[in-house]
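Positions are given from 1 along the sequence.
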Amino acid sequence: MKMSSGQMGRRLLGFAVAGMTLVAGGSAFAAQPKPWEITLQEAATPVMESIISFHNLLLVLITLITLFVLALLVIVVVKFNAKTNPVPSKTTHNTLIEVAWTLIPVLILVGIAVPSFRLLFLQLDIPKADLTVKVTGKQWYWSYAYPDNGKFEFDSLLAQDKQPRLLGVDNEMVVPVNKVIRVQTTGADVIHAFAVPSFGIKIDSIPGRLNETWFKATKVGMYYGQCSELCGKDHAFMPIAVRVVTDQEFASWVEAAKKKYATNPANTFASAGGQAAQ
């Protein structure tokens with residue numbers, strides 16, 4: 001079937017619009033897991049960037065060690081088998097080799113320990129926070145409170161009609177971009193775990209205890225996580241959705257949230273169970 005120049009132009013325009021839509025959609029939902037992904041999720045915080053760098057360093061070291069050991073095994077098999085070496089060596093000691101196989105592993109471990117301790121310090125030393133969010137794990141949903149912004153609180157439950165599947169929620173946790181967010185978390189019933197891979201955070205939410213972590217999202221977008229502690233029958237239906245917005249958008253959201261959650265009390269345990277069971 002022949003196509004006129006006008007039809008061709010309209011089709012090309014449609015392809016261009018579709019491409020722009022895909023690009024815009026990708027930027028609106030930053031750092032989602034991808035099918036068959038073998039790497040870590042795209043970093044959205046300085047902590048996650050450090051985790052990825054440390055991971056890449058370990059990957060290089062492990063690869064080199066594996067290749068070195070493989071080469072030694074090949075040399076032993078080829079050079080010191082009974083056929084090619086019928087008269088075995090009577091050597092029992094080699095000072096240089098013994099010093100090398102003691103000193104080199106020590107140096108490797110020190111080389112791993114230094115960036116490891118630096119990363120742990122970065123994760124555990126919480127800087128001065130611009131915003132505090134209290135996160136409570138419940139069976140089986142999350143509750144978020146903003147004590148710095150009027151002390152309102154709301155529940156976040158799995159939304160069956162939202163994408164990505166099993167990650168969309170009815171009420172996202174909203175935070176401003178390029179701000180230090182201190183997360184204080186606890187459990188209301190059993191042990192949960194608050195984890196957002198692209199932020200590089202994962203911390204247990206334990207009843208009767210308040211744990212702290214932090215992140216500083218450097219990119220606007222939507223970021224997802226899940227409860228990472230087996231907490232009961234609906235453990236798989238406890239997604240975490242964090243929407244990172246500009247300062248102006250966050251201020252507007254806070255004002256709207258104060259009114260919305262003042263008139264709509266937090267969801268009850270029964271409503272949470274009903275939502276998860278749908």
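Once rounded to the nearest 0.5 Å, the distance linking CD1 of Ile51 with CD of Gln123 reads 4.5 Å. Atom OG in Ser198 sits 10.5 Å away from atom OH in Tyr224 (nearest 0.5 Å). Note that OG of Ser143 is 10.0 Å distant from CG of Asn171, once rounded to the nearest 0.5 Å. Going from atom CG of Leu131 over to atom CD1 of Ile181 covers 4.5 Å, rounded to the nearest 0.5 Å. Rounding to the nearest 0.5 Å gives a distance of 5.5 Å between CD of Gln139 and NE2 of His192. Separating the CH2 atom in Trp142 from the OG1 atom in Thr136 is a distance of 9.0 Å, to the nearest 0.5 Å.
Shortest non-hydrogen contact noted between Pro86 and Pro88 is O-CD, 3.3 Å. Considering all non-hydrogen atoms of both residues, Lys258 and Gly150 come closest at CE-CA, 4.3 Å. Pairing each heavy atom of Gly168 with each of Pro239, the nearest pair is O-CG, 4.1 Å. Considering all non-hydrogen atoms of both residues, Ala100 and Pro105 come closest at O-CD, 3.7 Å. The nearest pair of heavy atoms linking Ala195 to Lys202 is CB-CG, 3.7 Å. Nearest approach of Val78 to Thr84, heavy atoms of both residues: O-OG1, 3.2 Å.
Put simply, the side chain of Asp170 gets close to the backbone of Leu157: a donor and an acceptor are under 3.5 Å apart. At least one donor-acceptor pair under 3.5 Å links the side chain of Trp140 to the backbone N or O of Cys231. With hydrogens and angles ignored, the 3.5 Å screen pairs no side-chain donor or acceptor of Thr218 with any backbone N or O of Asn178. The backbone N or O of Gly187 lies less than 3.5 Å from no partner atom in the side chain of Ser205, so there is not a single donor-acceptor pair. Of the possible polar contacts, none joining the Trp214 side chain to the Val180 backbone as a donor-acceptor pair under 3.5 Å is found. Judged by distance alone, with hydrogens and angles left aside, the side-chain atoms of Thr186 form a donor-acceptor pair with the main-chain N or O of Ile206 at under 3.5 Å. Between the Thr63 side chain and the Leu59 main chain, a donor and an acceptor come within less than 3.5 Å of each other. Remark: side-chain polar atoms of Ser156 are not paired, donor with acceptor, to backbone N or O of Ala241 under 3.5 angstrom. A donor-acceptor contact shorter than 3.5 Å is absent between the side chain of Asn85 and the backbone of Asn81. The backbone N or O of Lys138 lies less than 3.5 Å from no partner atom in the side chain of Asp189, so there is not a single donor-acceptor pair.
In the hydrophobic clustering of this structure, Leu73 groups with Ile104; members are Ile, Leu, Val, Met, Phe, Trp, Tyr whose side-chain heavy atoms approach within less than 4.5 Å, directly or through other members. Hydrophobic clustering (side-chain heavy atoms under 4.5 Å, transitive across Ile, Leu, Val, Met, Phe, Trp, Tyr) keeps Val47 apart from Val183. Both Val69 and Ile112 are members of a single hydrophobic cluster when ILVMFWY side chains are connected at heavy-atom separations under 4.5 Å. Hydrophobic clustering (ILVMFWY, side-chain heavy atoms < 4.5 Å, transitive): Leu58 and Leu40 are in one cluster. One hydrophobic cluster, built from ILVMFWY side chains closer than 4.5 Å, cannot hold both Val133 and Ile126; they sit in different ones.
Looking at heavy atoms from C-beta onward, Glu42 lies in side-chain contact with Lys219 at the 4.5 angstrom threshold. Considering only heavy atoms from C-beta on, Ile203 comes within 4.5 Å of Thr185 through its side chain.
The only member of Thr213, Asp148, Asp130, Thr132 that meets side chain to side chain donor-acceptor pair (under 3.5 Å) when paired with Arg182 is Thr132. Results of the side-chain contact (heavy atoms from CB on, under 4.5 Å) test with Tyr223 over Leu167, Ile240, Val244, Thr45 single out Val244 as the only residue that passes.
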From CA spacing to verdict: side-chain contact (heavy atoms from CB on, under 4.5 Å), Thr95, His93: CA-CA 6 Å; Thr95 303; His93 296 283; 5.8 Å; no
CA sep, side-chain torsions, deciding dist, call: Val196, Phe215, side-chain contact (heavy atoms from CB on, under 4.5 Å): CA-CA 10 Å; Val196 183; Phe215 66 87; over 6 Å; no
Evaluation steps, side-chain contact (heavy atoms from CB on, under 4.5 Å), between Ile52 and Thr39: CA-CA 9 Å; Ile52 291 176; Thr39 59; over 6 Å; no
side-chain hydrogen bond (donor to acceptor under 3.5 Å, both in side chains) assessment of Asp155 paired with Tyr144: CA-CA 6 Å; Asp155 293 341; Tyr144 299 102; over 6 Å; no
Derivation and outcome, side-chain contact (heavy atoms from CB on, under 4.5 Å), residues Phe199 and Val242: CA-CA 10 Å; Phe199 291 169; Val242 182; 3.9 Å; yes
Stepwise side-chain hydrogen bond (donor to acceptor under 3.5 Å, both in side chains) test for Glu255 and Ser252: CA-CA 5 Å; Glu255 294 305 316; Ser252 300; over 6 Å; no
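Aromatic pair Phe152/Trp253: ring centres closer than 6.0 Å.
Residues passing the salt bridge (Lys or Arg N to Asp or Glu O under 4.0 Å) test with Lys162, sequence neighbours excluded: Glu172.
Salt bridge status for Glu153 with Lys134: absent, with no side-chain N to carboxylate O gap under 4.0 Å.
In this pair, Phe250 and Tyr146 present their aromatic rings tilted. The plane angle is within the 30 to 60° band.
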